[in-house]
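Have a look at the structure below before the remarks.
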Amino acid sequence: MSSTFSRDTASNKCPLAMGLETIAPLVQSVEETPEPITTVTIGKIPCWIHGSFLRNGPGKFEFGKDNFNHWFDGMALMHRFYIRDGEVTYSSRFLRSDSYVTNLQKNRIVVSEFGTIAMPDPCKNLFARFFSRFKVPQATDNASVNFVKYKGDYYVSTETNYMRRVDPQSLETKEKVDWTQYIAVNSATAHPHYDREGASYNMGNSYGRQGFFYNIIRVPPPDKGEREDKADLSGAQVLCSIPASDSRKPSYFHSFAMSENYVVFIEQPIKLDLLKFMMFRIQGKSFHKVMTWEPQYDTIFHVVDRHTGEQSKVKYRTPAMFTLHQINSYEDRGFLVMDMCCGDNGEVIGDFTLENLRRAPGEEMDKFYNSMCRNLPRRYVLPLTVTDDTPSNQNLVTMPFCQATAVKTGRGEVLCVHEELYDKELLQFGGLEFPQINYAHYNALKYRYFYACGFGHLFSDSLLKMDLETKKLKAWRQPGLFPSEPVFVPAPNATEEDDGVVMSVIITPRMEKSTFLLVLDAKTFTELGRAEVPVNIPFGTHGVFNEMG
C-alpha cells in the first residue's frame, strides 16, 4: 500500500491510503457457539493467566428480508475466551434482548436501532400503520457496546436506559435493568469508571420542563455478605446535574473523565437537535440523522468534585474537538491532567453505515477512508486553583516538560490548549483509538504507558503501545489482520506498570474461520502465543478481563 499525505488538518497529515482491501466479511452475521470449544495454541500462553476475556459487539445484521443500516445496529453477540493453565476455550452467545427475541419471532426488524427505523407491521391496515409513526419508539435493549460492572455483577450495556445482567461464565442473559427505575436519568453510557472502594460512576442525561441536564451517577460498592442472584442498583444517586449550554441542542457523549477527586464531563460540539429528535420517527429518519457536528461551539470541560458533587465555578474551554474514549486522568501539583483520543471532525460517528463498511476494495474504499478524521492522543491540563485574583492572559500551567497551556480569559473562564502525546511515527499508523491502560493499578494515577489500536483502515489494523515519557511507540501489525481493542492484564506480584500481557482478538477478511486470540508481552510488545478459534467472529467493540474465571 503506497501513500501520500492528507491535507485534512483533522488527520494531522496522516498518510492517505491507496489499495485498501475489503472488510465486508468483518461485518457479516455469524452463528453463536454456546458450548465451549477448544482452540489450537501456537507459542506459549503464560500459565499465570486464569480468567475470562469477555468481548461484546454486533453479530447479526438482518432478520428475514430486513437489513440493518448501521454497524451499531447489529444484534449483540457476547464472546468468552476462558484461559487456564495455558489452554483456551471459546464460546459465544447472542444476547437474548427483547429486541433480538422480538425480531427473531417476527422474522423482521421490529425494534428501531441507532441507524435503522423499524417499519410498521405490514399486516396492519393503512390507518394503523400511519398512526404508528406518531408513537415515540421504545429504546432498544440491544446492549452491544461493552461489559460493565455494578455491585459485583456483570452487565452488557449500550447508550439507552436499558442494560442486561449476564452470567460472565455461561453468557446467559438475565434480567433487563432500567436505569429510570433507580434514578432520574433517561440513559447512561457504556463506559463507567470505578474507584478503589468498588463504587461505579457513570454519566446520564435527563430532560424536562427545566431543560436538558448531564448527570453524574454513582452506584455504591457491593454489600458485604451473601447476595441474591438478581440485579441490584440500590443506593444509586445523581451526584450532580449539569445544565446543557444550549438546552435545545445538547451534546452527545460516549464517555467521561475521572481522577481521584474529580469527574469531568466533556460537553462537545456533536449536537442532538431535540426538535429533529421528536420528529425523526414521523419523518422515517434514524437516530444518527439527528446528530450534527457544529464546530462553531467550543468544547467545555465541566469539573465536579466526585465526593461532594459540587461543580467548579470555573468553565474550562478548548477549541472545537470531539472525543469518544478517554485514556486516563490524574491530579498533579494542583493541576488536573486529562489524556484522551481526540478528533477535529465529529461527523465520523454517523458514517459507519454497513454500506460504507462493505465498500469494494481499492478506489471506492480508499476514497471513504481518506475522507475521515483520524483520532490522535492529546493532553489537556486544567489548573484547579483559579480564583478572581488569578492573573489573566498568561499561561497558568507550570508543570515541567508540559507543552499544554491554560490561560484565564475572563471571569471564571480558562482557555485550554492541548499537548500532542505522540511523534510523527504514529501518523504512519493512521492515528489511534480504543485506548486501554493498566486500569487496576493506575486508573486516576500518574502513569506512563497506554495501549491502543492503530487505524490504517476503517477498522483497526495494528496494536500500539505508547510511551508518554518518550512519545515513542511499539507496534504489532501484520497484513490482512484486524485486531480488537487491547486489554492489559497485570502479572501476579507485578512491580512495574507494564509487567503483564496485552490480549486482543484478531480477525481477517481473507480467510474463513481463522480468528485467534493474541497474547503479547506488554513490556516488549512481542508475541507470546495465540489461540486459534475455528469460527468466524465479526469486528467487535469493547471487552474486559474477568479474573474470577
Side-chain angles (χ1 to χ4, degrees), residues 26 29-42 45-60 74-97 100 141-150 152-158 163-175 190 229 231 434 436 439-440 482-490 500-507 513-520 528-549:
L26 308 186
S29 298
V30 300
E31 300 294 324
E32 63 181 2
T33 307
E35 297 301 322
I37 58 175
T38 58
T39 65
V40 176
T41 302
I42 297 175
I45 295 176
C47 290
W48 58 261
I49 304 175
H50 181 201
S52 298
F53 184 27
L54 303 172
R55 294 274 305 152
N56 198 359
K60 184 173 176 60
M75 295 291 98
L77 180 62
M78 303 174 289
H79 311 266
R80 179 187 185 231
F81 294 85
Y82 178 57
I83 308 167
R84 184 170 186 175
D85 298 329
E87 302 293 327
V88 181
T89 61
Y90 169 79
S91 58
S92 66
R93 282 192 176 187
F94 281 107
L95 179 70
R96 264 53 179 187
S97 62
Y100 175 87
D141 65 336
N142 175 37
S144 63
V145 179
N146 205 0
F147 277 87
V148 298
K149 209 171 184 180
Y150 295 102
D153 283 330
Y154 274 103
Y155 299 79
V156 285
S157 181
T158 181
M163 298 187 298
R164 278 282 186 167
R165 194 166 71 97
V166 295
D167 185 318
Q169 295 184 338
S170 68
L171 301 181
E172 175 191 359
T173 301
K174 297 193 173 184
E175 67 265 51
D229 184 23
F434 293 140
Q436 289 280 334
Y439 194 93
F482 292 80
S484 71
E485 169 190 62
V487 171
F488 178 89
V489 182
V501 299
V502 168
M503 295 192 293
S504 176
V505 178
I506 313 297
I507 57 180
K513 299 181 178 180
S514 52
T515 302
F516 61 91
L517 173 66
L518 174 70
V519 181
L520 300 176
L528 296 174
R530 60 177 68 180
E532 297 181 337
V533 186
V535 299
N536 290 325
I537 294 178
F539 194 82
T541 46
H542 298 286
V544 298
F545 185 75
N546 176 23
E547 294 183 359
M548 299 302 291

Exercise for the section: With the side chain counted from C-beta on, respond yes when V501 and W48 share a heavy-atom pair under 4.5 Å apart, and no when they do not. Expected result: yes
Practice task
Only counting residues at least two apart or in another chain, list the ones meeting side-chain hydrogen bond (donor to acceptor under 3.5 Å, both in side chains) with H542.
Solution key: H191, H325, E485
Handout entry: Residues forming a side-chain hydrogen bond (donor to acceptor under 3.5 Å, both in side chains) with R164, sequence neighbours excluded
Key = D98, D141
Exercise for the section: Please examine the side chains of I506 and R530, heavy atoms only from C-beta on, and report whether any two atoms are closer than 4.5 Å. Expected result: no
Problem - For the student: nearest non-hydrogen atoms of S92 and L171, plus distance - result: CA-CD1, 3.9 Å
Fill in the blank from the handout: When every non-hydrogen atom of L95 is compared with those of A143, the smallest separation belongs to CD2-N, 3.7 Å
Problem - Test item: V30 and V535 side chains (from C-beta on) under 4.5 Å apart, heavy atoms - result: no
Exercise for the section: Return yes if some donor-acceptor pair links the side-chain N/O of R80 with the main-chain N/O of Y90 below 3.5 Å, else return no. Expected result: no
Handout entry: CG on N546 to CD on Q169, rounded to 0.5 Å
Key = 7.5 Å
Practice task
Measure the shortest side-chain to side-chain distance between E87 and T41 over non-hydrogen atoms and say whether it is less than 4.5 angstrom.
Solution key: yes
Problem - Nearest atoms (heavy-atom pairs only) where F147 meets R55 - result: CE1-O, 3.1 Å
Exercise for the section: Determine yes or no for a side-chain-to-main-chain donor-acceptor pair under 3.5 angstrom, with S504 supplying the side chain and S484 the backbone. Expected result: yes
Exercise for the section: May I ask you to decide if S157's main-chain N or O and N56's side chain share a donor-acceptor pair within less than 3.5 Å? Expected result: no
Practice task
Without swapping roles, check the side chain of T39 against the backbone of A531 for a donor-acceptor pair under 3.5 Å.
Solution key: no
Exercise for the section: Return the minimal non-hydrogen interatomic distance between F94 and E32, and the atom names on each side. Expected result: N-OE1, 2.8 Å
Completion exercise
Contacts of R93 meeting salt bridge (Lys or Arg N to Asp or Glu O under 4.0 Å) (sequence neighbours excluded), chain-then-number -> none
Problem - Side chains of S144 and T541 in contact at under 4.5 Å (non-hydrogen atoms) - result: no
Exercise for the section: Answer yes or no: is there an ion pair linking K149 with E547, defined by an N-O contact shorter than 4.0 Å? Expected result: no
Exercise for the section: Please examine the side chains of H79 and V505, heavy atoms only from C-beta on, and report whether any two atoms are closer than 4.5 Å. Expected result: no
Problem - Distance, nearest 0.5 Å, that separates CG of N536 from CD of E31 - result: 10.0 Å
Practice task
Mark yes when over 12 heavy atoms from residues, nucleotides or ligands other than E172 sit less than 6.0 Å from its CD; otherwise mark no.
Solution key: yes
Exercise for the section: State, with a plain yes or no, whether a side-chain heavy atom of T33 is found less than 4.5 Å away from one of V533. Expected result: no
Handout entry: Side-chain heavy atoms of V544 within contact of Y154, under 4.5 Å
Key = yes
Practice task
Say whether, by atom type as modelled, one donor and one acceptor occur between the side chain of N142 and the main chain of G74 under 3.5 angstrom.
Solution key: yes
Exercise for the section: Assign the ring pair F81 / F53 to parallel, tilted or perpendicular, where the plane angle (0 to 90°) is split at 30° and 60°. Expected result: tilted
